[in-house]
Protein chains: 2
Amino acid sequence: MLQRLFFRLERFGGLSEQEKHALQEAVARTRLVNAGEDLSGVHEYHCNLVVEGLACDYMLLPDGRRQITNLHVPGDFCDLDLLLLSASDRSISALTPVKIAIIPHHKLLDLAERHPRILLALWRDTLIDAAISRECIANIGRRNAFARIAHLLCELYIRLQSVGLVRDGAFELPLTQTDIGDATGLSVVHVNRTLQRMRADGLITWVGHQVTVRDQKRLEAAGEFRATYLNLRVDPGHGSGDRLARRFVVYPT
Amino acid sequence: MLQRLFFRLERFGGLSEQEKHALQEAVARTRLVNAGEDLSGVHEYHCNLVVEGLACDYMLLPDGRRQITNLHVPGDFCDLDLLLLSASDRSISALTPVKIAIIPHHKLLDLAERHPRILLALWRDTLIDAAISRECIANIGRRNAFARIAHLLCELYIRLQSVGLVRDGAFELPLTQTDIGDATGLSVVHVNRTLQRMRADGLITWVGHQVTVRDQKRLEAAGEFRATYLNLRVDPGHGSGDRLARRFVVYPT
DNA sequence: CGAAATTTTGAGTTCACTCAAGGATGGTGG
DNA sequence: CCACCATCCTTGAGTGAACTCAAAATTTCG
């Protein structure tokens, strides 16, 4: 059930078998959400974790325009923030049929108390989401359409790769061009024309829901993409995260 | 030293005297950073907290363009994420002369172990930053220049108010129009023209570094601003944050 | 097979950008 | 205390990237 999550977490040390087991046990049940449906209502006292499919955070503006603020691939928590915040500023919706693992807040709280490393993994996950958001701000604020879309595709490539969903440079991406537009702050029409150029340039192919990155280097250059912000590689030299985690292991509560 | 922080934290329950004291004690020293200078280098093994002045997170694009991804007002932590993440994707710079409280990571780690409620307050703070980022994405991605700037000013108004830095609808805002542009994804020229319109419309006055909100209602309407995402009001009905905190008090580690 | 959703094309428009230069402001040193 | 320099604000003019509206072509799916 949580393999994708665990697989991703391996990248920075991972969890012990015991911790994994505890997390697995915390899953109360699973749920299927149809494409286009909101997850709302569910997340009163539960966290939702994507097991299969693609979901997104979005905000609706008064005039009906939509802005997608993040995508959730398998292994991602959707709404960890509701564990600590009372006000939700966005909605979460399924872009494809999505299988969700539902973890009650109280169980996650138990885990956090008994397994500090799990608490840290959760916090860390929310911090990476924040880094993704920052990158998105720079993307939308300062790049043109071509670069924005290139950047988005690069990010998805790495994120999907980190959960084992890329094969030979290709991955399933069941997004409509409207979705791409809502995620990059562009109109559908412009997304369409830009994607045509991107395909013509030989950077990608996009057939059905199958996207293939034909020239990752040039795509990354076009999107000014550097994967570091995703924190998907272990970099033992910097930061105190490992130290913090180690402490919590040495002195378990 | 940390009054602004504590003042802001009061809004959702605050910290005990003991906890406040412990946080105060964790401050190793303070530092003055000149306007325009980066805080970088400092934050290898320290967290920086703004005591006075205005700082910002920013990212520099290859061609030299800048995108400001967040502002830090007094009482804000600048780089809590570095406690857990190894890769830093942005820089932090002082927009005005800034007084910084430096808190070594290891001391913050001690605190987190001994005072779970402090750990939660820190996590919560990073979650609110994430909410601010999301709102910023929607702002830049889907709103026009007028609304973007209005929204930014509304946000700053509330954030500064939450740390007691607004008086009679007026606050110090030592941002240049270039800064506003970098924060909203606009060019200086366009910021200038938009601000002129905003002043002519009677929404604000901006003299020197003093901004006065003349008509908050209309400004908020123009920016489609709703303050909930800032989580600055206690809303006991929703969420599990309080429960989590309570637990950690009932069963201290 | 037909309806609905999605992609694509065309044409005209606009919001925001760039370039360039002229004022204003404020800090600093002689 | 004033002159000077740097930064910032402001204005004008021309341009362009992305938008809107509208409709046709294509794909998807029940």
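In what follows, chains are A, B, ... by sequence order, proteins preceding strands, each numbered from 1.
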### Message
If we count only N and O atoms by modelled type, under 3.5 Å, do the side chains of A/Asp38 and A/Tyr58 hold a donor and an acceptor together?
### Response
yes
### Query
How long is the span from the CG atom in B/Asp129 to the CZ atom in B/Arg134, to the nearest 0.5 Å?
11.0 Å
### Message
Taking CZ in B/Arg226 as the centre, count heavy atoms belonging to other residues, nucleotides or ligands within less than 6.0 Å. Is the count above 12?
### Response
no
#### Entry: Interatomic distance where CD belongs to B/Gln177 and P belongs to C/dA24 [whole Å]
15 Å
### Task
Could you label the plane-to-plane angle of the B/Tyr45 and B/His105 rings as parallel, tilted or perpendicular, counting under 30° as parallel and over 60° as perpendicular?
perpendicular
Could you go over nucleotides 25-30 of chain D and give all protein N or O partners under 3.5 Å, atom names and distances?
none

### Query
Does the distance from a Lys or Arg side-chain N to an Asp or Glu carboxylate O, for B/Arg90 and B/Asp81, drop under 4.0 Å?
yes
#### Entry: Verdict with supporting geometry, A/Val73 and A/Asp76, side chain to side chain contact (heavy atoms under 4.5 Å, CB included)
CA-CA 6 Å; A/Val73 304; A/Asp76 285 352; 3.4 Å; yes
### Query
Is the shortest side-chain N/O distance from B/Gln196 to OP1 or OP2 of D/dT11 below 4.0 Å?
yes
### Query
Between A/Asp125 and A/Arg8, is there a salt bridge with N-O shorter than 4.0 Å?
yes
### Task
Just say parallel, tilted or perpendicular for the rings of A/His151 and A/Tyr229, cut-offs at 30° and 60°.
parallel
### Task
Find the distance B/Met198:CE to D/dC9:P and express it as a whole number of Å.
15 Å
### Interatomic distance, A/Leu173 CG vs C/dT7 C1' [rounded to whole Å]
16 Å
### Task
Write down the distance between CH2 (B/Trp206) and C1' (D/dT10), rounded to a whole number of angstrom.
15 Å
### Query
B/Asn192 has a side chain; which of D/dT11, C/dT9, C/dT7 sits nearest to it?
D/dT11
Enumerate all atom pairs, one protein N or O and one N or O from nucleotides 16-19 of chain C, separated by less than 3.5 Å.
{"from": "C/dA16", "atom 1": "OP1", "to": "B/Ala145", "atom 2": "N", "distance (Å)": "2.9"}
{"from": "C/dA16", "atom 1": "OP2", "to": "B/His190", "atom 2": "NE2", "distance (Å)": "3.3"}
{"from": "C/dA16", "atom 1": "O5'", "to": "B/His190", "atom 2": "NE2", "distance (Å)": "3.3"}
{"from": "C/dC17", "atom 1": "OP1", "to": "B/Ser187", "atom 2": "N", "distance (Å)": "3.1"}
{"from": "C/dC17", "atom 1": "OP2", "to": "B/Ser187", "atom 2": "N", "distance (Å)": "3.1"}
{"from": "C/dC17", "atom 1": "OP2", "to": "B/Ser187", "atom 2": "OG", "distance (Å)": "2.9"}
{"from": "C/dT18", "atom 1": "OP1", "to": "B/Arg65", "atom 2": "NH2", "distance (Å)": "3.1"}

